[in-house]
Structure formats: structure tokens, C-alpha cells
Amino acid sequence: MKKLLIMLMVIAQLPMIGQNLERHTKVIKLMGSRFEITAIHENPQVAWNAINAGIAEISRIERLISSWDPNSQTSEVISQAGIQPVRVDKELFDLISRALQVSKITDGAFDISYASMDKIWKFDGSMTEMPSEEVVAQAASKIDYHNVIMNASDQTVFLKQKGMKIGFGAIGKGYAAQKAKEVMSGMGIKNGVVNASGDLVAWGKNEKGDPFQVGIADPQNKEQVLSWLNVENTSVVTSGDYERFVMFDNVRYAHIIDPRTGYPTTGIKSVTIITANPELADALSTSVFVLGVEKGIAFINQLPGVECLIITDQDQIKTSENLSLNDKS
Ligand code: AMP
Ligand code: MG
């Protein structure tokens, strides 16, 4: 899947003589996305064992959170909506709890129960007309994170209303990237990158001992890098890709739903969040889309250690207070 404006490139550099660190990278499709998993290590066997363990970890998470797989715990929760609570693994329970926290701090802009809109909006080019207001309102009435009821002592999740759904499209890749990083680090990889189609976490340094670099593409010309970001033990996550939107009456609707209205968001082409944890970065990038440019930037400015870069529909670049972009070079 191609991103519109943020082109993430981790520069390949030659190993330094004497140090023997080598870069090993696997490109693989997981969670419906292109993952690029990089381990830097002097021993190729150690690197590849860790890369394979990272892949296994991402596949495991996919099975847990997928709403397409009828056998996943997530599907079980959805099928019991309005009927009864479902006991889930602690891992899923905790992930949903964290998602609900993001809903709280974003005043509902982020909401995993957006998923009741899944059948209404299609962002694959198949939509020919705007759905009726009634249809949108009916599906949107099921969105409300307050109706995702968590019971910690039973470790259950209950979707209170019939027809409610949850989906992890806005947080799952970031979570998987973080978990893959943890597994790889635990196997001796001190320097690496997991890049899930633009949801990227990097730790340590590249094989030359320099920080990894991520290129931010020029909105006017996707092939040109506007600015390089040095990333050291941080994540850079972008929401918004140019294949997934729909146009009606010359208005461009992104594939992110405003939970308050049930309509897709407008005005922003992409949001990039830079912060330590890719799961949080993933959730926040989606949230800023819904909050819009001004509220989104004001919100990010309040969060210590989080920066953002927004590209508007008009190709303007807006950044949070403490993000400085390097000149083109
Ligand atoms: P991302 O690319 O991380 O912004 O995730 C976008 C995906 O998140 C969409 O394709 C939906 O699966 C899901 N999503 C859409 N709107 C929301 C929302 N308001 N809150 C949470 N998830 C959403
Ligand atoms: Mg996201």
C-alpha cells in the first residue's frame, strides 16, 4: 500500500570497516500491509532468527485482533454484541483498554467502535454515490466507546448495543511493530527497524553507527524528499494514503471516520506522528485526522514527547511546536 506524501526511506549505508555490523532486511506482507523488517547485527544467523521471530509475532497478533477471521477473539466479541460479555486474552483486554484511553483523551475522535461504519463507506474505488443521511445516521448510532464495557475481574469485553463492532485498523500495525521490536531486541538485536507500510519504529543506530533517517516527501512532488528526520529510538507513524479515499462533489473524503457524525474526515491528506511508542503514534495519527488541523496541533502540543506533521488538502505543511524540519538536502 502506497502512502501519499510521506515516503519513508531508511537510507542504506555501507558497513564501516572493522565493525562488521551488517544490515539484514525482509520484506513481507502481513496484516494486509507491506512490512519491512530490518535487523543490524554482525552475525547473520542472529539477525535472521530475530527477523523470523518478529514475523511470527506479527502473525500471532494478526490472529488475535483480526475482524475478518471468524475464529479470532475479536470476531467473537463482535458476534456477541448486545448479547453477552466475552472473555478474552489479557493481551486483547489490555489493548482494548488502551484504545479506550485514547478515546478518552481525544474526546472520542479515536474510537475502535467506528467499525459499525465498515459496510457503509468503501475506500477501494467501488463507491459510486454518497450513502443517504439515514443510512449513515443509523450505522453511526452504534459508535460509542462508552458502550465498550470492560470487566477486569472476569477479563471480559461486552459491546452493549446490538450491531456494534470494533476494529483495530488504526492501532494494530503500531502495536504489532512495537511487539516485533520487543521480540527482536530480546534476541540480541540492539539496532533495527520495523516498518509497517509507513508505521515505523527504529531502535539503536544503523550499521554505520549513525541514526536512522526517515524522509518526508515533498507534497508537491512525492519523489522529492522535503526533509530528513533523524530517528533514534523512536517511531514515525503516518496516517493517510492516497489510494484510500473517495470523492463526492469535488470533496475528498479520507478513509478515517469522524465518530461523531459517521462521515469520513476532510481537509487533511496525511498526519505523521513522532513519538517513542508506535502504538500510541498510530492511535494519535488517526485521532489528529478527526480533530482537524488546529485542534489536532493544539492537542499534540499538550503531549510531552509527541510531535506531529500534517499535510493539508491544500498541500500546506503544519507542524507541532517542537518539530523542526531540516532543509532539503
Ligand atoms: P490509520 O491509517 O492508522 O489512520 O488507520 C485508519 C484505519 O483506522 C481505517 O482504515 C479504519 O480501519 C480505522 N478507523 C477509521 N476511523 C477511525 C476512528 N475514528 N477511530 C479509530 N479507528 C478508525
Ligand atoms: Mg493510526
Side-chain angles (χ1 to χ4, degrees), residues 1-6 8 31-34 62 65-68 74 78 95-96 98-124 127 136 139-140 142-148 164-178 195-201 235-246 253-275 277-292 295-296 299-300 306 308-311:
M1 200 193 305
K2 269 188 185 168
K3 295 280 172 183
L4 169 61
L5 293 162
I6 307 298
L8 297 170
M31 305 179 106
S33 299
R34 179 186 189 273
E62 187 175 8
I65 67 174
S66 160
S67 19
W68 292 279
T74 302
I78 294 170
L95 177 66
I96 297 174
R98 291 195 300 275
L100 296 177
Q101 299 251 308
V102 178
S103 297
K104 248 181 231 157
I105 62 168
T106 60
D107 211 6
F110 183 86
D111 193 331
I112 53 171
S113 72
Y114 87 91
S116 59
M117 303 306 301
D118 264 1
K119 295 263 174 328
I120 313 290
W121 299 102
K122 302 261 173 243
F123 302 100
D124 55 4
M127 274 186 100
V136 173
K142 313 274 187 224
I143 308 177
D144 188 352
Y145 72 92
H146 297 99
N147 288 336
V148 181
M164 266 184 94
K165 285 186 183 170
I166 50 171
F168 298 98
I171 193 171
K173 277 192 292 164
Y175 176 59
Q178 171 67 15
N195 183 354
S197 295
D199 291 6
L200 171 150
V201 61
S235 64
V236 181
V237 170
T238 299
S239 279
D241 52 75
Y242 86 114
E243 280 155 353
R244 302 195 61 209
F245 67 92
V246 57
Y253 294 91
H255 68 289
I256 290 170
I257 306 292
D258 185 335
R260 295 161 293 198
T261 62
Y263 281 83
T265 59
T266 58
I268 292 181
K269 273 186 183 167
S270 79
V271 176
T272 300
I273 299 279
I274 301 143
T275 195
N277 184 312
E279 176 192 319
L280 179 66
D282 197 357
L284 293 179
S285 63
T286 311
S287 308
V288 169
F289 248 94
V290 177
L291 291 170
K295 279 195 185 152
F299 169 64
I300 295 298
V306 184
C308 89
L309 180 143
I310 300 176
I311 295 174

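Counting convention: from 1, in listed order, for ligands and their atoms alike. Throughout, numbering of the chain's residues begins at 1 and tracks the sequence. Just so it is clear, the values below take in all heavy atoms, side chains as well, and ignore hydrogens, waters and symmetry mates. Bear in mind the structure is a predicted one, so any value in this text is a computation, not a measurement.
Remark: side-chain polar atoms of Trp121 are paired, donor with acceptor, to backbone N or O of Gly262 under 3.5 angstrom. The backbone N or O of Ala139 sits less than 3.5 Å from a side-chain atom of Ser116, completing a donor-acceptor pair. Judged purely by atom type and a 3.5 angstrom limit, Ser197 uses its side chain to pair as donor or acceptor with the backbone of Arg34. The backbone N or O of Thr265 sits nowhere less than 3.5 Å from a side-chain atom of Asp258 that would complete a donor-acceptor pair. The closest donor-acceptor contact from the side chain of Ser285 to the backbone of Ile273 lies at 3.5 Å or more, if one exists at all.
The option from Ile166, Asp111, Thr106, Asp282 that lies nearest to atom 20 (N) of ligand 1, judged by heavy atoms, is Asp111.
Put simply, the angle at the Mg ion (ligand 2) from O in Ala170 to OG1 in Thr286 is close to 100°, to the nearest 10°.
Using a 4.0 Å cut-off to heavy atoms of Ser239, the atoms of ligand 1 that qualify are 1 (P), 2 (O), 3 (O), 4 (O). Using a 4.0 Å cut-off to heavy atoms of His255, the atoms of ligand 1 that qualify are 2 (O), 6 (C), 9 (C), 10 (O), 15 (C).
When heavy-atom distances to ligand 1 are checked against a 4.0 Å cut-off, Ala109 comes that close only through its backbone atoms N, CA, C and O. By the criterion of a heavy-atom distance under 4.0 Å, the side chain of Tyr114, and not its backbone, is placed next to ligand 1. Proximity of Pro259 to ligand 1, defined as any heavy-atom pair under 4.0 Å, is confined to the side chain (atoms from C-beta onward).
In this structure the side chain of Ile256 never reaches within 4.5 angstrom of the side chain of Tyr114, judged on heavy atoms.
Geometrically, ligand 1 and Val290 share no nitrogen or oxygen pair separated by less than 3.5 Å.
Applying the side chain to side chain contact (heavy atoms under 4.5 Å, CB included) test between Ser270 and each of Ile310, Leu309, Ile311 identifies Ile311 as the sole match.
At least one N/O/S atom of Asp282, whether from backbone or side chain, sits less than 2.8 Å from the Mg ion (ligand 2).
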